[in-house]
Amino acid sequence: MFLRQYVPMAIAFVMGVVFAVQYYVPHPASEELLTTVNDWLIVVSGFSMVLGLASLMGSHWAKVRRGVPGWGYSLVVFLGILGTLAVGIASKGKMFAGEELTLTALGWVYDNMLVPLQGTVFSLLAFFMASATFRTFRARNLEAGLLLTAAFLVMLGHVPLGEYIWDKVLGFLPPKADQVMGWIMNVPNMAAKRGILLGVGLGMIATSLKIIFGIERAYMGEGG
Amino acid sequence: MSPELLGAWVAAGLTLAIFSFLYKDNPFFKFGEHLYIGISVGYSITLLVFNFMIPKWWTPLFREGRMSLLVPTALGLLIWTRFFPRFSWLSRWAFAFVVGFGAGIAIPRTISNFIFRQVESTAVPLVSRGQQGVSFGWGDFSNFLIAFGVLSVLTYFFFSVEHKGPIRPLARAGVLFLMVSFGASFGYTVMARVSLLFGRMYDLVEYSSRGYGYATLVLLGLMVAVFLAQALSKKREGG
Amino acid sequence: MRKLAEKILSMDRRAIYLLMASAALLPFVTGPLGLPSRVSPEVKAVYDRIESLPEGSPFLISMDFDPASKPELYPMAEALVRHAFRKNLRVIGMNLWVTGSGMAEKILSDVAEEYGKKYGRDYVYLGWAPGATNVILGLGQDIYKTYPRDYYGNETSGMPVLEGVRTLKDIPFMVDLAAGDPGIETWVVYGKAKSMAGGCTAVIAPGMYAFLNSGQLVGLIGGMRGAAEYEALLKEMGKATVGMDIQSTTHVLILGLILLSNFAFFATRRRR
Amino acid sequence: MRLSLKKVAIVCLFVFLWTSQVLGAQPPPLSASDLPGDDGKAVLLLWPRMPYEASEVFYVVQGAEGPEGPFEEIARFPSNSRYRTERRAPFWTWRKGKDEHFFVVRTIGGRPLESGREYYFRLGVDLGEGPSFGPAVSAIPKPNWFDFKKLNNLIFMVLLAGVVLWFIGRARKKELFLRRIPGLDAIEEAIGRATEMGRPIYYLTGRLGMSSVSTIAATIILRDIAKRAAGYDAQLKVPHTDPVVMAVCREVVKGAYLEAGRPDAYNEEINFYVTDDQFSYTMAVDGMMVRERPAAVFLMGYYYAESLLLAEVGASVGAIQIAGTDAEHQLPFFVTACDYTLIGEELYAASAYLSKEPALIGTLRAQDVGKAFLTAFLVLGAIASTIGVWAGIEHKIDYFLDILRDFS
């Protein structure tokens, strides 16, 4: 109990208080402390990244071992990892090599596999968005109507064709489409985002305080 | 086949495999998606080794003998005890160190940047003084709207009192400001998604040229043929 | 009429996908529409800030994105680096998103080659490092401790490009190009940059206006439109400018869809 | 034109007085001291305002590393600038006014000052024919242990910490009031409708693991919904994307059915695993919703881009949809496609309201105090600075606004 519970709580408390107070102390000794510990933590982040990558690999490995339906796809994941690692080591982790800056094998995998795959996965959203917009964007009440109007104006002011249409249809109005969009972004949108930001800021501070005082212990993992 | 040409075929094939999801969830898509996960993990490990482990940890610690690196090494090893359930509680010490530090540095900086700076630029004069004396112009109106908006959104997220009496219209105004901002976000998001679509379309169009052996068109044809054959065989089975 | 409206409302989603794909392909068929985008004050502010820097000033650009946002942020990064090289600034590049390293490296070396810039003297790529918050905090303390070596394994101390630079405070201007977290907010909270601007995907741009208004960001380049505006300011038409045509057609399609669905919705509702 | 001797004499006298004052302009007395609240690498110079100051008259600041020099020029600026008012500093460390000039020296000849070393400075006045210097003064920059400019930040932190701890403590002793969240009222209605129609209820917990606050909130709300569903004998379905979350939810739902007195109705298959893959999960759940046409769909927790696909299908099958997320980018879709949406913090508030967990309620109350304080300050600040501009007393208003200003 003492080693598993109180020691980590004490460590979090000391670290939290010291580095909160450090902010107010301009003395070089205090700056040196921050620099040193911060440098350590960059190294620690590297170690913890291994943890994340390993747990992902572990879950896919478990699927392959147990032969759950679709385990073949988990094998594809491993194929991808090992293949990339192999070319990565061969290319010493660089995209380009030599004076001529020719593309390495890793650079090839990056350019022709990773970039198109990731890009395409996310570009699917353009299609989903179009259909969701069509099916759900209805001005069924004041709130939805306002949301819709703002979205409509922002989209119109966002693209050259929209600006062109505005000039043709609403050209007699003093503001241009991009100015209307700019105002929406800078005034009502900004105000709401700032209100949210103030709330989020208070929430972040409260959470940090709870970590320091040992009330919030989710970082300890299960059973913490 | 030159690496460039092969690259075009691979890139076009993978792009189409992912796009095939728009028709339905299918093995091409699943293959592409899992390959993506694998490659990105493999790439991350490669960079972790070559840009971090070797130059910033191994070389300074074991070649140059920078002993101060023993502390983070010990912390890192403690984190790795998560791999061994019997000792995994030791990782709490390291996590407490990291999380405690993070909480400590976050508090004053959040106060300064998320609270003070935001409050300062909201509590601004709502009139301006010019040559002709004090006036209330469009910019002042916007400033008023900003202050009112921030105020009403804060009121909306206030949970200690019922939204009754004078608080009710204020909270209601807060919702309306939120709606405008969600609408603006939506309008912007459309642009982001379309940008990605443009990126992929651009490449697909390029790869369908003669120089690349009509890669896109050939692969697209093949894929459509597979789906057609599948649909036909299903029909035959069913009929 | 009501039947038609109902039919429209229950249209198969794949029909919309097809419409969307056609709208996206249209500009490739018709050729460029040639419609200019007007430059917004947010983007102009970034441009003006770089213009105002004296020759030889260090300029930090952190490319915190991955291939998923390449079409938006890659042209933006290219345009900014191009501008910096034109003004003969010393460019310091880095990134915090591991899968973006390759792109950041490519942007810097491609544009540097174009302008005949020499590595180590005119520009440097510090590369990626884990622990984003700590990296940013570390740069505010001591760049050489956070990045003892650059991406290629060279020692950073003594590099001519970094002369006179010890912490972020010695860099008069920086731009963070971000696709999410860690990104602009992280730099705002933990960075001690003297003056900073942001460039980001359109998804996160609306949230950044709070920092723009408070002066924590001197300017903001939002999404592909922002990149296209920057290209227009540089008078160099890049991929973002080309992409705006697809934006035009697809946006107008989506606007049309919104109108159509709302008309159909009210047509069916009124009868009930 | 008649020119009296007397008039000429008066003019001559004035000209003489003016020139003597300007030409014989003595540099003002300079004082140098360590700049307080820094890391010991700067010196603060102060000197009083002089009557001859104008934009054509320049002050020249010089510094040296020894009493004999050599003195190097540090700065040169019009004599009617750099008054005390121009420095951004809080009223509790710095007096504002136009009666004195200031200059902060950080480098001499490009070399940064070192702490603990004595430096020498002198001030010159330049009327256009080269400066004339006053005597040199010296100062030793020293590092400090507290930056008083950040005092308001520290006080804010301490006060907030006090408020958070106090409210959590109070919430442990007695129940604190939290307002009802409108979205929660709709839950009853949605479950009732599902029972009437004999269709299932779908509950989704989002795409993050148990370490996320939003997932925890989602499991708390699930408990409430499972209890009601058990009471009504409605069919509940919870498709999962994370095995750990599924394990937790099984316990939660089991407990809820027990509490409702219906352990017999509990079934392990209420919670079931689909896949961890984002789009495959979404498509699978969408397929199920299209087939089973649920009467109510709850989307709680954190969502990414799948939000629009899920909400769209739920709306198209005519389900009552109640969403709750702190994923800001997904809110537009939920707001338009769902009947009720818990926006951001409302999700946490709902979970605190339902769980009665003192730490959650106490934190929420503490944050409310913070919000109330900021709201009050914003109103007063805006009014005060408006009055300040109106009456031309902006500098007096600064005494108030400085309280929440950032001086780092």
Side-chain angles (χ1 to χ4, degrees), chain B residues 19 22-24 36 39-41 43-48 50-56 59-60 64 66 98 101-102 105-106 109-110 112-114 116-122 146 150 181-202 204-206 208, chain C residues 13-14 17-18 20-21 24-25 27-28 66-72 74 98-99 101-102 127-131 133-134 137 147-151 153 185 188-190 201-207 209-211 213-216 222-225 227 239-240 242-247 250-251 254:
Chain B
F19 271 145
L22 294 172
Y23 170 64
K24 63 177 190 187
Y36 153 54
I39 293 177
S40 69
V41 170
Y43 185 76
S44 304
I45 298 174
T46 308
L47 274 159
L48 192 64
F50 284 100
N51 285 316
F52 172 71
M53 281 297 175
I54 294 177
K56 282 165 194 152
T59 312
E64 295 161 8
R66 256 184 63 200
V98 175
F101 175 87
I105 56 164
R109 289 170 178 83
T110 307
S112 136
N113 290 295
F114 278 18
F116 284 7
R117 292 292 295 258
Q118 306 304 323
V119 167
E120 182 182 351
S121 42
T122 312
I146 288 172
V150 173
S181 102
F182 291 156
S185 292
F186 174 82
Y188 255 68
T189 308
V190 170
M191 158 145 295
R193 304 305 184 215
V194 172
S195 302
L196 303 184
L197 182 60
F198 160 72
R200 300 319 309 139
M201 287 289 174
Y202 189 92
L204 281 183
V205 169
E206 196 170 284
S208 54
Chain C
R13 95 155 69 112
R14 276 171 273 196
Y17 294 165
L18 208 64
M20 193 70 183
L25 283 170
F28 289 108
D66 60 8
S69 33
K70 183 182 173 190
E72 292 181 273
Y74 197 99
V98 60
T99 45
S101 307
W128 166 84
T133 306
N134 300 107
L137 213 53
Y147 279 107
R149 283 160 212 279
D150 68 358
Y151 180 74
E185 284 187 30
V188 164
V189 176
Y190 296 102
T201 59
V203 177
I204 51 176
Y209 277 82
F211 300 116
N213 174 276
S214 63
Q216 285 158 296
M224 190 180 252
R225 158 83 186 231
K239 243 186 174 173
V242 180
M244 284 315 284
D245 282 346
I246 283 197
Q247 298 285 4
T250 49
H251 272 67
I254 292 175

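If you're wondering where the values come from, they're calculated on a predicted model, not measured in any experiment.
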Peer 1: So which of F19(B), F101(B), F52(B) has the largest heavy-atom pair count under 4.5 angstrom toward chain C?
Peer 2: F52(B)
Peer 1: Closest approach of Y188(B) and A202(C), non-hydrogen atoms and distance?
Peer 2: O-CB, 3.0 Å
Peer 1: Just wondering, do Y151(C) and F50(B) contact through their side chains at under 4.5 Å, heavy atoms?
Peer 2: no
Peer 1: Taking the side chain as C-beta and beyond, is there a heavy-atom pair between L25(C) and V205(B) under 4.5 Å?
Peer 2: yes
Peer 1: Could you give the distance from CZ (F28(C)) to OG (S208(B)), rounded to the nearest 0.5 Å?
Peer 2: 9.5 Å
Peer 1: Indicate the atoms forming the closest heavy-atom contact of K56(B) with P148(C), along with that distance.
Peer 2: CE-CD, 4.2 Å
Peer 1: What's the separation between atom OG in S214(C) and atom CZ in F116(B), rounded to the nearest 0.5 Å?
Peer 2: 14.5 Å
Peer 1: Chain B heavy atoms under 4.5 Å from N134(C): which part of the residue, side chain, backbone, both or neither?
Peer 2: side chain
Peer 1: Measure distances from I146(B) to the heavy atoms of chain C and classify the residue's part below 4.5 Å as side chain, backbone, both or neither.
Peer 2: side chain
Peer 1: Which bit of Y74(C) comes within less than 4.5 Å of chain B, counting heavy atoms only: side chain, backbone, both or neither?
Peer 2: neither
Peer 1: Using a 4.5 angstrom heavy-atom cutoff, name the option from T46(B), T189(B), V190(B) with the most pairs to chain C.
Peer 2: V190(B)
Peer 1: Give a yes or no answer on whether the side chain of Q216(C) reaches the backbone of N113(B) with a donor-acceptor pair at less than 3.5 Å.
Peer 2: yes
Peer 1: So which atom in L48(B) and which in W128(C) form the shortest heavy-atom distance, rounded to 0.1 Å?
Peer 2: CD1-CH2, 3.6 Å
Peer 1: Most heavy-atom pairs under 4.5 angstrom with chain B, which of G207(C), G223(C), G127(C), P130(C)?
Peer 2: P130(C)
Peer 1: Counting only non-hydrogen atoms closer than 4.5 Å, does T250(C) touch chain B with its backbone (N, CA, C, O), its side chain (CB onward), both, or neither?
Peer 2: side chain
Peer 1: Examine whether an atom of L22(B) lies under 4.5 Å from a heavy atom of chain C, and if so say whether it belongs to the side chain, the backbone or both; otherwise answer neither.
Peer 2: both
Peer 1: Under 3.5 Å, is there a donor-acceptor pair between the side chain of Y202(B) and the main chain of P71(C)?
Peer 2: no
Peer 1: Tell me, for R225(C) versus chain B, whether the close heavy atoms (under 4.5 Å) come from the side chain, the backbone, both or neither.
Peer 2: both
Peer 1: Indicate the atoms forming the closest heavy-atom contact of L196(B) with A68(C), along with that distance.
Peer 2: CD2-O, 2.6 Å
Peer 1: Is chain B contacted by the side chain of L137(C), its backbone, both, or neither, given a heavy-atom distance below 4.5 Å?
Peer 2: side chain
Peer 1: Looking at chain B, which one of I204(C), V98(C), D66(C), T133(C) has the largest number of heavy-atom pairs inside 4.5 Å, strictly under?
Peer 2: V98(C)
Peer 1: Given the options S185(B), A192(B), S44(B), which has more heavy-atom pairs under 4.5 Å with chain C than any of the others?
Peer 2: A192(B)
Peer 1: Are any non-hydrogen side-chain atoms of R193(B) and I254(C) less than 4.5 angstrom apart?
Peer 2: no
Peer 1: Looking at every heavy atom in both H251(C) and G187(B), which two are closest together, and how far apart are they?
Peer 2: NE2-O, 4.2 Å
Peer 1: Looking at M191(B), is its backbone amide N or carbonyl O close enough to the side chain of Q247(C) to form a donor-acceptor pair, meaning the two atoms are under 3.5 Å apart?
Peer 2: yes
Peer 1: What part of I246(C) is in contact with chain B, defined as an atom under 4.5 angstrom from a non-hydrogen atom: side chain, backbone, both or neither?
Peer 2: both
Peer 1: Distance-only, no hydrogens or angles: does the R14(C) side chain make a donor-acceptor pair with backbone N or O of Y23(B) under 3.5 Å?
Peer 2: yes
Peer 1: Where do R149(C) and T59(B) land on the side chain to side chain contact (heavy atoms under 4.5 Å, CB included) test, with the steps shown first?
Peer 2: CA-CA 11 Å; R149(C) 283 160 212 279; T59(B) 312; 4.2 Å; yes
Peer 1: Among L197(B), I105(B), I54(B), which has the most heavy-atom pairs under 4.5 Å with chain C?
Peer 2: I105(B)
Peer 1: Shortest non-hydrogen contact from Q118(B) to A210(C)?
Peer 2: OE1-O, 3.5 Å
Peer 1: For chain C, which candidate among A106(B), A184(B), S181(B), S112(B) shows the most heavy-atom pairs at distances under 4.5 Å?
Peer 2: A106(B)
Peer 1: Could you tell me whether E206(B) and K239(C) have a side-chain N and a carboxylate O separated by less than 4.0 Å?
Peer 2: no
